[in-house]
Amino acid sequence: MRRLFIILGDQLDRESLIFKHADREQDHFWMAEVAEESTHVWSHKQRTALFLSAMRHFAQWLKGEAYPLTYLAMDSHEFPSLSDALGDFLSEHQPEEVWMVKPGDYRVFKSLAETCKAHDTDIKQLHDQHFLSTPAEFKQWADGKKQLRMEYWYRQLRKQYKVLMSDDKTPEGGKWNYDQSNRKSFGKDGPQKVPKTLEWPQDDITKDVIVLVNDRFADHPGELESLHWPVTPEQAEQALARFLDEALPQFGDYQDAMWTGEPFLNHSLISAAMNLKMLHPMTVIEQAELRYHHGDAPLAAVEGFIRQILGWREYVRGLYWLHMPDWLEMNALGAKQDLPDFYWTAETDMTCLRESIGQTLKYGYAHHIQRLMVTGLFALVYGVDPKQVHEWYLAVYVDAVEWVELPNTLGMSQYADDGIMASKPYAASGQYINRMSNYCKHCKYDPKLAVGDKACSVTTLYWDFLDTHRERLAANPRMGFMLKNLQAKSSEDIAAIKAQAVTFRERTS
Ligand code: SF4
């Protein structure tokens, strides 16, 4: 065997660079399903089933294209980990070289590289062309900058790829960012028309996977009567078309809004397909931009959506490779609490958390504001150990791969990196949740109150958080307004809030 090409579960790209290098006559492809990828964090059943079904569909396509493939299905072998399975293959077949596309998880790459080294070979890495920039380009951009901000990286890529540009230097509409227009709530009446989501009939591959996951990972979080996510590039294209046709025009206005019983609203639901590399980011960007040029969607909605992909996605991936492995160990705020049990059960009387966690456990999905400003916000102000928060997010979301999940959790949401990712901690009281949703109307607590029986714990913990980290936060000009409000409170008020926070933590730990 001349070369072995490894394909991981999040590398299901039919246009991958490996196919430009591979020789069907002399080279070989290798894919493996292993339990460790579902147990190193306690993976949601939907997440495991999505990966396995999509992998098996990709293997079917590879075989149809006559690529020689070894595919280890989970029920056909006893290897606990990818490195164990690969080591066995290398011992038996001794390929001259091992190649793969750059993985999205430092841990996985390290273990595979060590396995190869033990077999006297290095892994040659190819660019993952499902990203529009490389870690080396990002590093070059970041070098020498005191502070990195997504907005400037995004503008550079907008110019480079001529996305939403009037000319070489001028953004479409004269503004780079329409974020201010994209923060509406649904008001009293709620969402007027929520687009339907797609469901695909289960083929034999998906049916087999559902049986396997329900059997093998029975005690893992989540439900799996059916699988709600695209498992082939064709299904991913259909999911994209649904979003563009039915949800994009309203997406901008309400992208930060939340509503009881509405898990999906106007969100695209394509992040999992993109992160498994079944849907190319430039396809998504180009099609969204066309909707604007054809007058089918407003600029603010299209720009806000494209910024998530061309800006945010590329930025977090660049940061991930710039700061790993150190990022994983950061805990700038010294947070030590255990993650409350209700993150795994949704059994809480706080409506915002019950709704956001409940839909997460059902579908493996919550939208970005539910993740950042409900579950993430609560963990931040409660003071949960950021590594536990990271492991929860990596486990429960179908689109979670470490390159995207870790920066968003440890950086953006938990501020464990002391501001590498975000210019300030995303701390807020229950009043923010009340403004952006109807959750508080259905809650026994009052978001305005920080003490007493009706006190909203998000609000209590918010003031407690500000007081606990008062000195550190004082150095951050973006925290000035919040700290001024804190200073307006009397020492008796602060003492009562802190006592309430202690009682709440004792009750929930
Ligand atoms: Fe959440 Fe507080 Fe609102 Fe209840 S009152 S839903 S706990 S923010």
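FYI, the numbering just counts along the sequence from 1. Counting convention: from 1, in listed order, for ligands and their atoms alike. Just the heavy atoms: all of them, side chains too, but no hydrogens, waters or symmetry mates, feed the values below. Quick caveat, the model's predicted, so the values are computed rather than measured.
- Heavy atoms of S457 come nearer than 4.0 angstrom to ligand 1 in no pair at all.
- Counting the atoms of ligand 1 from 1 in the order shown, those under 4.0 Å from a heavy atom of P447 are 5 (S).
- Atom 1 (Fe) of ligand 1 lies under 2.8 Å from an N, O or S atom belonging to C352.
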Run the side-chain hydrogen bond (donor to acceptor under 3.5 Å, both in side chains) check on S133 and E314 step by step: do they pass?
CA-CA 7 Å; S133 57; E314 297 293 324; 2.6 Å; yes
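- Side chains of Y445 and D349: a donor on one and an acceptor on the other come within 3.5 Å.
- Results of the salt bridge (Lys or Arg N to Asp or Glu O under 4.0 Å) test with K362 over E355, E223, E225 single out E223 as the only residue that passes.
- For ligand 1, the atoms sitting less than 4.0 Å from at least one non-hydrogen atom of M350 are 7 (S), numbered in the order shown with element in parentheses.
- Side-chain atoms of S356 and T375 form no donor-acceptor pair, as typed in the model, at a separation below 3.5 Å.
- Nearest protein heavy-atom contact of atom 5 (S) of ligand 1 is Y445 O, 3.4 Å.
- Checking C443 against atom 4 (Fe) of ligand 1, an N/O/S atom falls under the 2.8 Å cut-off.
- The aromatic rings of H323 and W327 lie perpendicular to each other, with more than 60° between the two planes, well past the 30° mark.
- For F378 against P340, the heavy-atom pair with the smallest separation is CE2-CG, 4.2 Å.
- Metal site remark for atom 2 (Fe) of ligand 1: C440 contributes no N, O or S atom at a distance under 2.8 Å.
- In this structure, atom 2 (Fe) of ligand 1 lies nearest to the protein heavy atom C456 SG, 2.3 Å.
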